[in-house]
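Let me begin by presenting the structure, written as structure tokens, before commenting on it.
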Amino acid sequence: MQRNSRNIKRAEGGGPGAFQEGRRAPEGMPRQVPGGGQGHRLPEQKPRDVLPQQKPVTDEENTPKPTPRWQVVLKRVGLGFLLLTALVMAYLFLLLGEPDNAAQDVPKPVEEAIRVPMAAMEAQADADMGTVSATFGKPLLMLYGNALPLQKMTLYDTAFGGGYARRATLSYAFPDGQILLADRIRPTAAAALLGSAGKSLSMAGIYGLAGFDAARMDDGETICVFAQSEEAVYAITCPSAHAQDLAGILKQTTLWQSEAAAN
């Protein structure tokens, strides 16, 4: 204690050397603090970058936003248009594709030319119609039911086109005595025999004859409704006075052939 008090007194009473003897600064320590004067400011620091907003840590999946309704409708319309376009293109491809060669290669039936005429034949209504059918060799055009009574049957050949046209005619009588004719003619080119200088085609209506589409010719006195198949021409010739009965008569026309002629 006495020694310490001495040192303190020596430090108080002595000069600069007294402080040095009592307390020394560490080696390398500067005597003055750098920049320690008045008005010194610390250098400004740059602001830190703003961190992005952090997403909460959770196990739930993010729910996607619903698609606007107009986009859904537009997408459906576009898909429908594409489908319709594809169907149209497929239809055009099938429609405009290669022709069916098989259908084109089917040969048309060759009509049998009649070079030798046959003897004319006429039979009354009570005669066997099968004989006439067998002689003609093809189905006959006739009326079925009780439309009109049959008067007679005629079978004959007519010179035509360097050969002959074979004609089978069935005559039916109206109550007033006028005659209706049911004709079958072959070959088909012999349809010209039905016409005359005074006859003209009529577009008054659509007609059917024994299952065939038919046309009509008029000459003022008679009406002729005729149709054509691959083998023959069929015709009904009716007096103009019975034009109102023609529609009902055409509905009762049919083709008939005997078993002997068919075989």
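Under a hydrophobic-cluster definition in which Ile, Leu, Val, Met, Phe, Trp and Tyr are linked whenever side-chain heavy atoms come within less than 4.5 Å, directly or via other members, Leu150 and Leu155 are assigned to the same cluster. Residues Leu250 and Phe174 are members of one and the same hydrophobic cluster, defined by side-chain heavy-atom contacts under 4.5 angstrom among Ile, Leu, Val, Met, Phe, Trp and Tyr. Trp256 and Met153 end up in the same hydrophobic cluster when Ile, Leu, Val, Met, Phe, Trp and Tyr side chains are linked at under 4.5 Å. One hydrophobic cluster, built from ILVMFWY side chains closer than 4.5 Å, holds both Leu209 and Tyr207. Under a hydrophobic-cluster definition in which Ile, Leu, Val, Met, Phe, Trp and Tyr are linked whenever side-chain heavy atoms come within less than 4.5 Å, directly or via other members, Leu193 and Ile114 are assigned to different clusters.
Rounding to the nearest 0.5 Å places CG of Asp183 at 8.5 Å from CG of Leu170. Rounded to the nearest 0.5 Å, atoms NZ (Lys251) and OH (Tyr144) are 10.0 Å apart. Between the CD atom of Gln124 and the CD atom of Gln151 there is a distance of 8.5 Å, given to the nearest 0.5 Å. Within the model, atoms CG of Leu140 and CD of Gln257 stand 8.0 Å from one another, a figure rounded to the nearest 0.5 Å. Here the CZ-OG distance, from Arg186 to Ser229, works out to 11.5 Å after rounding to the nearest 0.5 Å.
Between Ile249 and His242, every side-chain heavy-atom pair lies at or beyond the 4.5 Å cut-off. Using a 4.5 Å cut-off on side-chain heavy atoms (C-beta onward), Met142 and Tyr172 make contact. Residues Thr222 and Leu181 have side chains not in contact (no heavy-atom distance under 4.5 Å, counting atoms from C-beta outward). At a threshold of 4.5 Å between non-hydrogen side-chain atoms, the residues Leu255 and Phe212 count as touching. The shortest distance between side-chain heavy atoms of Gln252 and Leu148 does not fall below 4.5 Å. With contacts defined as side-chain heavy-atom distances shorter than 4.5 Å, the pair Tyr234/Thr253 does not qualify.
The two residues Ser171 and Ile179 come nearest to each other via the heavy atoms CB-CG2, 3.9 Å. Here the shortest heavy-atom pairing between Thr154 and Glu122 reads OG1-CG, 4.1 Å.
Counting heavy atoms of neighbouring residues, nucleotides and ligands inside a 6.0 Å radius, atom CG of Asp213 does not exceed 12 of them. Applying the 6.0 Å contact sphere to CD of Gln244 captures more than 12 heavy atoms from other residues, nucleotides or ligands.
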Checklist entry - Can Leu180 and Asp245 be said to form a side chain to side chain contact (heavy atoms under 4.5 Å, CB included), step by step? => result CA-CA 11 Å; Leu180 179 137; Asp245 301 324; over 6 Å; no

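Applying side chain to side chain contact (heavy atoms under 4.5 Å, CB included) to Ile185 and the options Thr158, Thr169, Leu141, Leu194 leaves one that passes, Leu194.
When atom types are taken as modelled, the side chain of Arg184 and the backbone of Pro139 share a donor-acceptor pair closer than 3.5 angstrom.
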